[in-house]
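A short worksheet on the structure shown next.
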Amino acid sequence: MEVTSITPQQVKADDECFHHDNEQLHEGHMEIIIEEISRGQKLLHRHKMNQPAINIGRGYSNDIILADPHICSEHVKIQLINGFWQIQDQASINGTFLENPKEKKKPADKHILEDGDIISIGKSQLRIHFVDHPVADTVKFSPFESFINLMRHPIALLVSVALFTLVSGTIFYLDKAIEVNFTQLLVPAIGMSLLFSLWPAGISLVSHLTKHDARVLTQLGICFAFFNLMWFSDLLENIVAFNSSSNSIFTVLIAIVPIALAFCMFWLNCYIGFHMSAKRRMVVSMGITAFLFGGSYLIQYSNKPDFNARPQYNNVLMTPSFLLTPSSSVDKFIEDSNKLFEKANKAAIKE
């Protein structure tokens, strides 16, 4: 039987490794993540602490400083005791409470923290996580990302705005009964572009105020791309009205196109500017679309009298090139009319 001898150097090395592993285990157990969240449980800030005691309050000597005026300068302490994190309220004025969606909030003093606990101090909330907390699945890039990245490019944005301004100027020119010069068209066209840019600018402002990324260029690029598509849908609607009767089903179907485009634009506004679930994004987009188009239709029909001395009529004027089917000549029209009359006379004689 062989006896293996152990040298003092090996004992010292093993002892150092043992102490090093214990130190790493102890440090890992000390780590705690404290998240500042909103009332809607949206993440505002995240702190990863690695110390046995964490002081929280408005005072500048605290480890986590909160600006809530309802929080004391030294409000609460989170301390590691016997391997467990415990809340210790520092005789605060408004107290420290444990939030539970299924129960009423209760005082959190001396409470042993668990992963996912939410602490309420003043009007602020803190959420506790440990280092072994499971991470949510990674979100894949949406197929819209390539389109969004293209529209936010300065050149693409410049082209979209220039195209929108050009179309606006053309419409102003067509609506004028008298001859106008380029300068007289440029001012209202630029004014129209600035007016329409208020929507993406407002979305970016609200996104910034709610602690999201403003992404101003992206919002502008997406909105003006859809504004141009709406100009095109308006032209398409006029072409369909020019080639069909007022009671045609095609006029109803083509009227849905701008509503669908508006819904897609609002959906992308929410997708770009706010972190929300797919269901909420759909509800918000549908609500804005219904409010915009439904409200305009209600106003239009509420002001419509039962009898109008000047009835509305279709005044769309287009060149023959917009006809989807070729027109016939005068001689061909007379020939076809004569054949129709002859057919009607023969039918009348038989009766």
Side-chain angles (χ1 to χ4, degrees), residues 143-144 147 150-151 156 159-177 180 185 188-189 192-193 195-197 199-200 221-269 282 285-337 340:
F144 299 105
F147 173 69
L150 175 63
M151 289 298 100
V159 170
S160 296
V161 175
L163 180 60
F164 181 87
T165 306
L166 179 63
V167 174
S168 301
T170 304
I171 292 175
F172 280 117
Y173 172 75
L174 295 176
D175 289 340
K176 290 291 184 180
V180 292
L185 296 175
M192 179 68 75
S193 300
L195 179 64
F196 273 72
S197 66
W199 173 256
I222 290 295
C223 287
F224 273 96
F226 275 92
F227 292 157
N228 289 326
L229 288 176
M230 289 179 185
W231 284 131
F232 178 76
S233 70
D234 184 65
L235 174 63
L236 189 62
E237 184 176 358
N238 287 330
I239 293 175
V240 171
F242 184 65
N243 287 273
S244 59
S245 62
S246 58
N247 296 325
S248 174
I249 187 64
F250 294 106
T251 58
V252 178
L253 294 176
I254 202 66
I256 301 176
V257 175
I259 300 177
L261 289 173
F263 170 79
C264 293
M265 184 184 71
F266 297 144
W267 190 93
L268 283 173
N269 289 148
M282 289 286 292
S285 303
M286 291 175 63
I288 298 175
T289 306
F291 176 78
L292 181 64
F293 287 90
S296 63
Y297 288 147
L298 286 176
I299 294 173
Q300 178 181 353
Y301 285 103
S302 63
N303 296 330
K304 187 176 181 181
D306 296 334
F307 173 77
N308 190 357
R310 296 179 179 179
Q312 294 183 353
Y313 60 94
N314 190 351
N315 58 349
V316 177
L317 296 177
M318 289 186 170
T319 60
S321 59
F322 286 97
L323 282 173
L324 299 180
T325 56
S327 59
S328 58
S329 63
V330 176
D331 295 336
K332 185 68 169 59
F333 175 77
I334 295 174
E335 181 183 352
D336 292 339
S337 299
L340 183 62

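Throughout, numbering of the chain's residues begins at 1 and tracks the sequence.
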Residue pair [X] / [Y]: nearest heavy atoms and the distance that separates them:
| X | Y | result |
| --- | --- | --- |
| Asn228 | Ser160 | ND2-O, 3.1 Å |
| Phe266 | Thr289 | CD1-OG1, 3.3 Å |
| Val161 | Ser193 | O-OG, 4.5 Å |
| Glu237 | Ile254 | CG-CG2, 3.7 Å |
| Cys264 | Phe226 | CB-CE2, 3.6 Å |

Hey, are the side chains of [X] and [Y] touching, using non-hydrogen atoms and a 4.5 Å cut-off?
| X | Y | answer |
| --- | --- | --- |
| Phe224 | Met151 | no |
| Ser168 | Phe164 | yes |
| Cys223 | Asn269 | yes |
| Asp331 | Glu335 | no |

Original post:
Within a radius of less than 6.0 Å around CZ of Phe333, do more than 12 heavy atoms belonging to other residues, nucleotides or ligands occur?
Top reply: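 At most 12 heavy atoms, drawn from other residues, nucleotides or ligands, come within 6.0 Å of this atom.
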**OP:** State whether the number of non-hydrogen atoms from other residues, nucleotides or ligands found under 6.0 Å of Phe293 atom CZ is greater than 12.
**Re:**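 Enclosed: over 12 neighbouring heavy atoms sit under 6.0 Å from CZ of Phe293.
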Original post:
In terms of ring plane angle, is the pair Phe196 and Trp231 parallel, tilted or perpendicular, where the classes change at 30° and 60°?
Top reply: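 Ring orientation of Phe196 relative to Trp231: tilted.
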Rounded distance [0.5 Å steps], [atom1] in [X] versus [atom2] in [Y]:
| X | Y | atom1 | atom2 | answer |
| --- | --- | --- | --- | --- |
| Leu229 | Met265 | CG | CE | 10.5 Å |
| Thr170 | Phe172 | OG1 | CZ | 11.0 Å |
| Leu261 | Ile256 | CG | CD1 | 12.0 Å |
| Trp267 | Met282 | CH2 | CE | 8.5 Å |
| Ser197 | Met192 | OG | CE | 11.5 Å |

